[in-house]
Student: 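There's a structure below that I have some questions on.
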There are 2 protein chains.
Amino acid sequence: MKHKAARATINDVAKAAKTGKTSVSRYLNGEHHALSPDLKQRIEQAIAALDYRPNQMARGLKRGRTRLIGLIIADITNPYSVDVLCGIEAACRARGFTLLVCNTNNEIDQEQHYLQLLSSYQVEGIVVNAVGMREEALNRLQQSLLPMVLIDRKIPDFSCDVVGLNNVQAANDATEHLVKNGYRALLFLSEPLGLVNTRLERLQAFRQCCAGHTGVLCENAEAALSDAAAMDRIILDFYRRHADRPAALLVANGALTLQVARAMRRLDLDWGRKMGLLGFDELEWAELAGDGITTLKQPTWQIGYAALERVIQRIEGEATTIEEQTFHGELVVRGSTRPLA
Amino acid sequence: MKHKAARATINDVAKAAKTGKTSVSRYLNGEHHALSPDLKQRIEQAIAALDYRPNQMARGLKRGRTRLIGLIIADITNPYSVDVLCGIEAACRARGFTLLVCNTNNEIDQEQHYLQLLSSYQVEGIVVNAVGMREEALNRLQQSLLPMVLIDRKIPDFSCDVVGLNNVQAANDATEHLVKNGYRALLFLSEPLGLVNTRLERLQAFRQCCAGHTGVLCENAEAALSDAAAMDRIILDFYRRHADRPAALLVANGALTLQVARAMRRLDLDWGRKMGLLGFDELEWAELAGDGITTLKQPTWQIGYAALERVIQRIEGEATTIEEQTFHGELVVRGSTRPLA
DNA sequence: CTGTTAGCGCCTTCAG
DNA sequence: CTGAAGGCGCTAACAG
């Protein structure tokens, strides 16, 4: 049996209420002041009786506004992205929008595909959660004429609103913490820097902070998430070269922290005992790994919420200038950066 | 400046190609056999020049099929759910559907709301990922007349296709593993059983398996995710009462395993050393916590994929009988259930 | 206060 | 092979 469903239309309701569809439409749109109590009553009943619900497609077609917002996520597997999503969703709910979520799975072509898809569904705006996104993919976004807000990362040569972390403050706090607790050799570990502004900003703040302290050695290295061998090499090498002083790792994001922790496991370099470890992004399991891993927690939910509000501003035409909005991160101290003697 | 966008319509294309919109429509729908090469060429160019893309709203309105599928998730924060989502998404892509994701955040009212929303957007089918969903919420689903498939959990007194884990096999494998490795007092720990079939089935298989072994003590307990104090009490009590023999915990799902691990931390009951621990659902950090946590991994992606295929069958009218489709789980052995002397 | 009418962008007969 | 006309469900003038 095929599902025919044959849902009731505004016409059915009008007929059942013995009136025209205009009045029904008025009722639906809250123009109650223009309806007699009697008519209102009849319409109400008809709607209930037929279990009628307006067809949003038709509505959107007519009004030219769908109240749909698209979200493009590079990797929905990333807890950071999920938290952001929750914030966006809450904002959508509060503002009467519906969210269309698209996960590109970090496949470059998917993004283009989804962009077209979203626009063909007449979304009114788009949020791009660029965390984990490849650069090539990001660059293709520029074509879109829709109101758009980026999360976390900027696109070189493309002005667009961005909502993200205050990288300078965050990297500074993290570095200061390590120095304060006695670490004297620091390695900033990130995925390949490329032109990714978040990585660059964090690295620069890290260096600047180091420069302010004498006797602290600073280095940085790049490692791909999937290259376990390289990771082992980098970490072990760093550890050996600084056997004479307390060494610590500052890892640029949560996904990488997971891999780094695995590597340290393999190398038998217990965090907090043989080497310090501090990672950007909070991890739900942070307290369970060894004596805990110190993290720099981002206000992810707020970031998502703010991003959506910004898109809406653009949709409403209230946003005139391109803006970058940043939030403060918070250090969550655990065993992996315990103070040294 | 308001975004007007004023996207090109089929009319614009027709005009630009010096033809009627019928031909353009034909072109769009792949009826190439009915178009002269010359006309085809012109249309192609016009489309490219105007960057035209058909309005899916209008299309859906006309044809009565939107190629939209709704997904209702109770808690998108749950990694299990995210993996399932990925499977569903892949299937959507493969079959030409678009996914509308709704996260109810485990708020009971949200579900009703989203159900209405989805149906007003004329989705052709719905997948409900019931993992973590409250019972009250599930029961309200029954009203929907749309093709619907449940994931993980059945609804009492409501026949509906279900895709999930083979709970009996899984619970059996897990229990056998614990017994084989020398544990002689087992506690099956779940959230309140209620009428949740997954919990009940797992528990029953656990008991049955225990019954097949002499000298193995079996118990079960229920604990809410958020009640840390109760959790501590239950675990500590169990541990003390069986100080004389190797004891182990079998935890019914991943979210609970996280809380249990925290509790064991608090109580200083190292898993794998003082007490065994085995949890349903794979965890990305499982190997990093202590000497690792043994898990029973579900083929989540496949479950999602299969669920979507089933919805499509229903949409196409190919599904006649109500069916339950189950997948096998796989034991991933780690340090928390190490063999005892 | 209420109903009639004309499309929104597209697909689908039905005639050329 | 091609185009004109009608209508999907709804809203927004415009008349009563």
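So you know, we letter chains A, B, ... as the sequences are listed, proteins then strands, and number each from 1.
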Student: Round to a whole Å and report the spacing from CZ of Arg26(A) to P of dG9(D).
Tutor: 21 Å
Student: Of the options dC14(D), dC10(D), dG3(D), whose atoms approach the side-chain atoms of Ala58(A) most closely?
Tutor: dC10(D)
Student: Looking across every strand, which nucleic acid part, if any, lies under 4.0 Å from Tyr27(B) by heavy atom: base, sugar-phosphate, or nothing?
Tutor: nothing
Student: Check the distance between dA12(D)'s P and Leu28(A)'s CG and give it to me in whole angstrom.
Tutor: 12 Å
Student: Indicate whether OP1 or OP2 belonging to dC10(C) is found under 4.0 Å from a side-chain N or O atom of Tyr52(B).
Tutor: yes
Student: Where the side chain of Leu61(A) is defined as all heavy atoms beyond and including C-beta, which of dC10(C), dT2(C), dC8(C) is the nearest nucleotide?
Tutor: dC8(C)
Student: Any heavy-atom pair between the side chains of Met57(A) and Thr66(B) that's under 4.5 Å?
Tutor: yes
Student: How many Å lie between OH on Tyr121(A) and P on dC10(C), as a whole number?
Tutor: 13 Å
Student: If the test is side-chain contact (heavy atoms from CB on, under 4.5 Å), which one of Leu100(A), Leu115(A), Ile69(A), Leu150(A) qualifies with Ile126(A)?
Tutor: Leu115(A)
Student: Provide the closest heavy-atom pair for Asp152(A) versus Asn197(A) in the form atom of the first, atom of the second, distance.
Tutor: O-OD1, 4.3 Å
Student: Answer with yes or no whether Arg7(B) presents, from its side chain, a donor or acceptor under 3.5 Å of a partner atom in the base of dG9(C).
Tutor: no
Student: Under 4.0 Å, heavy atoms only, any strand: does Ser25(B) hit a base, just the sugar-phosphate, or nothing?
Tutor: base
Student: dT5(C) P sits how many Å from Asn11(A) CG, rounded?
Tutor: 13 Å
Student: How would you label the contact of Ser36(A) with the nucleic acid (heavy atoms, under 4.0 Å): base, sugar-phosphate, or nothing?
Tutor: sugar-phosphate
Student: Could you check how far CZ of Arg63(A) sits from P of dG9(C), rounded to whole Å?
Tutor: 16 Å
Student: What is the separation between atom CD1 on Ile43(A) and atom C1' on dC1(C), rounded to the nearest whole Å?
Tutor: 12 Å
Student: So Thr22(A), base contact, sugar-phosphate only, or nothing? Heavy-atom distance under 4.0 Å.
Tutor: base
Student: Quick one: are Ser159(B) and Ile322(B) in side-chain contact, heavy atoms under 4.5 Å?
Tutor: yes
Student: Over how many whole Å does the gap from Asn55(B) atom CG to dG9(D) atom C1' extend?
Tutor: 14 Å
Student: Without decimals, in angstroms, what is the distance between Met57(B) CE and dG7(C) P?
Tutor: 23 Å
Student: Both Val24(A) and Arg42(B) contact DNA chain D. Taking the nearest nucleotide for each, which residue is further toward the 5' end?
Tutor: Arg42(B)
Student: Does dC11(C) have OP1 or OP2 sitting under 4.0 Å from an N or O in the side chain of Arg59(B)?
Tutor: yes
Student: With a 4.5 Å heavy-atom cut-off, do Gln122(A) and Arg7(B) have their side chains touching?
Tutor: yes
Student: With a 4.0 Å limit, can you tell me whether Asn29(B) has a side-chain N or O closer than that to the phosphate oxygens OP1/OP2 of dC11(C)?
Tutor: yes
Student: Counting only distance, no hydrogens or angles, is the base of dG9(D) paired donor-acceptor with the side chain of Lys62(A) under 3.5 Å?
Tutor: no
